[in-house]
Number of protein chains: 2
Amino acid sequence: MNTTANQVFKIGDLAKRSQVSVGTLRYYESLGLIVPIDRAANNYRYYSPETLQQVQFIKKAQSLNFSLADIQNILKLRSTGESPCSLVDKLLNEKIEHLEQQIQSAIAFKEELETFRDRVSNIPPTASSDPTICQHISAVSLT
Amino acid sequence: MNTTANQVFKIGDLAKRSQVSVGTLRYYESLGLIVPIDRAANNYRYYSPETLQQVQFIKKAQSLNFSLADIQNILKLRSTGESPCSLVDKLLNEKIEHLEQQIQSAIAFKEELETFRDRVSNIPPTASSDPTICQHISAVSLT
DNA sequence: ATTGACTCTTTAGCCGACTATAGGGTTTAC
DNA sequence: GTAAACCCTATAGTCGGCTAAAGAGTCAAT
């Protein structure tokens, strides 16, 4: 089978183009995330260019903390009556909310830490060079 | 040993107060994250109240995406000359930067998604109720 | 026709952070 | 004094997301 002229990829081509390993692509298939268009007599997987887009979608979603289970759920809706958009949106809103909480918490944590650092720097040199002081202050106060 | 009057906890007490399971506490000890003050004749672990603060510190750091290895590194500095504050600060800045990147990406992703959702909603009812269309648009365009 | 690069399946291993289980000792309350 | 509730160690299992290895078939170029 010609894998360049008529835009059909073998798994190695797809791996190179998507920067995802062959093993990972087979793993994704085992989860139902991607499906080859054809499985000819030689038993090789052949993919359409759309699969490349699909893999990039998976990678993008993953980079945004979507689990493969989340992605499975989104893709599973292809076979139901519901539009995946509402689920994607719901999941996305959850992720964004979680991220926002985290970043707020991280900012607060950092501010606390800076306070402690300043407190430590006002301790006489001998004492402030003792790491147990910073450690102790951090451990006790950051809770 | 009296575990209430003189402020010494057994592992179960510590577990209840910190909301961390007994098994997890023993696991933390195996990583050197916490150390009991005493290991009396009965071989039971006994903890000072400071350990509770320490566990809460670990949990807080974890909730901010610090790995136990990160926390190990921070705590390890107790035994070296360097103040843990600078490492905590470095790790924290890395986490915050990562989170900020993620949230920016998530916001952009959400905006893209909303655009696609709107695009789908302008497709005639029969077509827009076909989930493969939203799926397809998402898969192709969100990369 | 052979070599090397590719492909296939199946199975096993890895990492982090736990959780569970087995088998046994200790403490505490009644 | 006995039974429940606690503690101990050591080992194994779980989950997610892969990666690696074994053993075998296929394809393309020379």
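In what follows, chains carry the letters A, B, and so on, assigned in the order in which the sequence lines appear, proteins first and then strands, with residues in each chain numbered from 1. Note: hydrogens, waters and symmetry copies are ignored here, and every other heavy atom, side chains too, is used. The structure presented is a predicted model; accordingly, all values stated were derived computationally and were not measured.
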Please state whether the phosphate of D/dT19, meaning OP1 or OP2, lies under 4.0 angstrom from any side-chain nitrogen or oxygen of A/Thr24.
-> yes
Upstream residue (5' side of DNA chain D) when A/Tyr27 and A/Ala41 are each assigned their closest nucleotide | A/Tyr27
Value for CG (B/Leu33) from CZ (B/Phe57), rounded to nearest 0.5 Å, stands at 10.0 Å
Indicate whether OP1 or OP2 belonging to C/dA5 is found under 4.0 Å from a side-chain N or O atom of A/Lys16.
-> no
Close side-chain approach of B/Tyr27 and B/Leu68, heavy atoms under 4.5 Å = yes
Whole Å only: how far is the CG atom of B/Asn43 from the C1' atom of C/dT26?
-> 11 Å
Looking only at side-chain atoms of A/Gln62, point me to the closest of D/dG17, D/dC7, C/dT7.
-> D/dG17
B/Asn42 CG - D/dT9 P separation (whole Å) = 11 Å
Rounded to whole angstroms, how far apart are CG on A/Leu25 and P on D/dC18?
-> 10 Å
Below 4.0 Å: OP1/OP2 of C/dA17 and any side-chain N or O of B/Tyr28 | no
How is A/Arg26 classified with respect to the nucleic acid when contacts are heavy atoms under 4.0 Å: base, sugar-phosphate, or nothing?
-> base
Would you say a side-chain N or O of A/Arg45 is under 4.0 Å from OP1 or OP2 of C/dT7?
-> no
Taking B/Gln72 for its side chain and B/Leu31 for its backbone only, find out whether a donor-acceptor pair lies under 3.5 Å.
-> yes
What is the distance from NZ of A/Lys10 to P of C/dT7, rounded to the nearest Å?
-> 6 Å
Heavy-atom donor-acceptor pair, B/Tyr44 side-chain to C/dG25 base, under 3.5 Å | yes
Mind calculating the distance between CD (B/Gln72) and P (C/dC15) to the nearest angstrom?
-> 14 Å
Closest heavy-atom contact between A/Val20 and A/Tyr28?
-> CG1-CE1, 4.3 Å
Short side-chain N/O contact from A/Ser21 to OP1 or OP2 of D/dT19, under 4.0 Å | yes
Report yes or no: do A/Gln62 and A/Lys59 form a side-chain donor-acceptor pair below 3.5 Å?
-> yes
Which whole-number value in Å describes the distance from B/Leu68 CG to C/dA17 P?
-> 4 Å
Can you tell me how far P of D/dC6 sits from CD1 of B/Ile11, to the nearest Å?
-> 13 Å
Round to the nearest Å and state the distance from A/Phe66 atom CZ to D/dG16 atom C1'.
-> 17 Å
